[in-house]
Amino acid sequence: MTTLSQATQHAPTWSGAFPRSAHLLGIGGVGMQGLAFALHTRGCAVSGTDPCPRGKLAHLLELGINVFGEHRARDLSHAEVVIRSSAVPDDNPELLAAQAQGVPVVHRVEGLALLLRDRAGLLVAGTHGKTTTTAMAGFLAEAAGLDPWVFVGGDVAEWGGYCRRGGADSVCVAETDESDGTFLRVPGQYAVVTNIEEEHLAYWRDGDALREGFRKFMERIAGGRLVVCADDPGVRSLEPHWRGVALSYGAESEDADYRIESLEHGAEGSAFLLRLPDGSRTPVRVGVPGRHNALNAAGALALAHRAGMDPAAVAGALARFRGVGRRFTRHALAGGVLLVDDYGHHVSEIEATVRTARQVADARRGRLFAVVQPHRYSRVEHTIARYGEALEGAERVWITDVYAAGEEPIPGCRGGDVAAVCAASGRATRFVPDPAEAVGEALEGARAGDVVLCLGAGSISDAARRAAAKAGVLA
């Protein structure tokens with residue numbers, strides 16, 4: 001099979017000038033939708049292809065962008081450039097047709113790099129928390145009056161999607177992607193690294209290669225323009241490389257340059273003092289709950305400060321921040337039950353979200369039920385032993401079939417195996433293969449005050465939304 005790199009060795013190269021027309025393969029992906037919106041608003045004629053449900057393309061269709069529902073060989077001579085997502089394989093018939101027609105093919109990150117050219121770029125990297133931290137940084141830049149462009153991996157209601165349109169020459173805040181190494185190709189002047197955990201090993205092979213990738217990312221941002229989370233063990237493992245060239249933030253690390261002090265948690269958010277490198281303190285309120293979100297807020301504020309914003313002047317924007325779609329999205333149901341839909345799919349994300357949901361359930365004097373759709377057999381293989389501990393705060397747990405995301409099953413890594421691990425750790429656990437049935441069971445057993453938490457990056461979100469609609473959403 002011909003790979004993209006092989007096929008483009010002798011193909012015409014894209015000049016890099018801003019394109020008048022572009023066709024996006026995999027346009028329904030989160031990052032691709034933001035890119036399509038930004039290209040469109042800059043005057044580029046955009047089209048694309050994606051077999052995803054049309055409802056997921058509503059933002060683009062409303063703009064008049066033509067989206068084909070099937071990848072097949074087609075005439076792409078109307079496009080100056082074809083932009084592909086990482087999810088599009090090298091043998092995609094439409095990609096091969098573009099190559100055969102001599103249309104330059106580039107990766108999504110090159111389109112993003114084009115939009116970041118000639119403007120200050122604030123980059124957000126890390127295994128977890130990137131989307132929320134990016135959105136928070138965007139809110140801070142808005143509050144500073146910078147009219148930023150923001151590219152984020154989640155739906156932000158205030159911006160109407162995955163991208164905020166900014167001024168012609170304004171700063172750009174962008175979430176980067178370590179899953180395929182493309183974060184090493186995004187230009188930027190400032191950056192924050194939220195955490196580093198062994199993930200995406202199908203690409204990186206092992207943890208050492210992943211850490212080397214992050215080391216190279218950090219190396220590109222120096223001179224006090226890089227901030228990193230000192231509380232994270234993965235970041236600490238690279239301390240010899242960032243110490244002296246980066247500033248750090250954290251809640252537990254006494255040597256953090258930006259230190260969270262007097263942290264108070266609540267069901268609707270948190271409050272703390274952020275001690276700055278000069279010793280001054282800025283009061284911060286965050287409109288989303290959880291210790292991890294307090295850390296995300298500190299990272300966003302540290303990044304904003306390094307980029308020249310005054311934390312005291314912009315921190316108030318975080319009190320108005322209500323999160324990103326599928327990041328602890330709350331639905332109040334008839335009968336007093338709270339349904340929470342969350343994207344968390346890595347076991348560390350699951351643990352942090354369960355901890356936050358436990359606080360919310362306690363504040364409501366209710367129980368916590370967790371419905372988990374494990375994501376990818378390869379991910380389960382590396383983390384299955386940790387599921388019981390991660391779900392410790394839930395009174396009852398439902399585990400569904402693994403959302404394969406195109407992977408073949410791995411022995412010992414199916415949904416039933418995850419359920420067995422949870423049950424062995426003392427959790428009251430049921431294995432219910434179908435996510436809709438599992439969510440339905442949890443809601444049937446819930447009473448006023450209880451929290452039903454749905455976790456996963458696959459189809460469980462649709463099941464949660466349908467269940468909420470059936471139960472009667474109040475807010």
Side-chain angles (χ1 to χ4, degrees), residues 27-38 40-41 52-63 65 122 124 129-167 170 172-175 267-270 285-290 292-293 296-297 300 304 314-333 338-344 349 353 356-357 360 453-457 460-469 472-475:
I27 195 171
V30 169
M32 294 291 279
Q33 286 205 37
L35 178 60
F37 174 79
H40 173 82
T41 58
C52 70
R54 304 294 280 183
K56 293 186 177 181
L57 301 167
H59 295 309
L60 303 183
L61 297 176
E62 288 172 2
L63 295 173
I65 292 175
L122 283 64
V124 180
K130 294 187 297 292
T131 297
T132 297
T133 303
T134 302
M136 286 178 168
F139 269 59
L140 296 173
E142 276 187 319
L146 299 179
D147 193 18
W149 284 85
V150 187
F151 295 93
V152 62
D155 191 348
V156 180
E158 289 84 350
W159 301 333
Y162 307 104
C163 174
R164 182 196 187 277
R165 179 182 179 180
S170 55
C172 180
V173 183
E175 177 177 343
E268 300 301 321
S270 61
R285 285 194 172 276
V286 186
V288 286
H292 61 297
N293 280 322
N296 290 337
V314 300
L318 296 179
R320 302 188 298 272
F321 180 71
R322 291 296 176 265
V324 181
R326 296 231 54 223
R327 271 64 175 183
F328 214 81
T329 301
R330 288 164 279 192
H331 304 285
L333 307 184
L338 180 67
L339 178 68
V340 177
D341 180 22
D342 194 273
Y343 184 77
E349 297 167 341
T353 307
T356 299
V360 173
L453 173 64
C454 300
L455 286 155
I460 191 169
S461 182
D462 291 333
R465 283 195 294 268
R466 290 196 300 269
V473 181
L474 300 180

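Throughout, numbering of the chain's residues begins at 1 and tracks the sequence. These figures come from a predicted structure and were not determined experimentally.
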(request) Determine yes or no for a side-chain-to-main-chain donor-acceptor pair under 3.5 angstrom, with H292 supplying the side chain and G129 the backbone. (result) no
inquiry  = Tell me whether T329 contacts the main-chain N or O of G325 through its side chain, where contact means a donor paired with an acceptor under 3.5 Å.
reply    = no
How long is the gap from [atom1] on [X] to [atom2] on [Y], to the nearest 0.5 Å?
X	Y	atom1	atom2	result
M136	N293	CE	CG	5.0 Å
R54	L60	CZ	CG	10.0 Å
F37	I65	CZ	CD1	9.0 Å
L57	E62	CG	CD	11.0 Å
D342	R330	CG	CZ	10.5 Å
T41	R165	OG1	CZ	5.0 Å

Residue pairs passing the salt bridge (charged side-chain N to carboxylate O under 4.0 Å, His left out) test with at least one member in residues 147-163, sequence neighbours excluded, are D147-R164
In short, salt bridge (charged side-chain N to carboxylate O under 4.0 Å, His left out) pairs touching residues 29-38 with sequence neighbours left out are none
Considering only heavy atoms from C-beta outward, does the side chain of [X] approach that of [Y] to under 4.5 Å?
X	Y	value
F328	V288	no
V324	Y343	no
S170	L146	no

Please list, chain by chain and in numerical order, all residues satisfying side-chain contact (heavy atoms from CB on, under 4.5 Å) with [X], sequence neighbours excluded.
X	result
A137	V173, A300, L303
R466	A436, D462, A463
A38	L115, W149, F151, C163
V314	L140, A143, A144, L301

Test of understanding: with side chain to side chain donor-acceptor pair (under 3.5 Å), list the residues that count as partners of [X], not counting sequence neighbours.
X	answer
T133	N296
Q33	none
S461	R326, D341, R465

Heavy-atom closest pair (L453 atom, A357 atom, distance to 0.1 Å) is CD2-CB, 3.9 Å
What one should report as the nearest heavy-atom pair of L339 and A468 is CD2-CB, 3.6 Å
- Query: Run the side chain to side chain contact (heavy atoms under 4.5 Å, CB included) check on V150 and T134 step by step: do they pass?
  - Reply: CA-CA 8 Å; V150 187; T134 302; 4.1 Å; yes
Across all chains, not counting sequence neighbours, the ring-ring contact (aromatic ring centres under 6.0 Å, His included) partners of F321 are F139
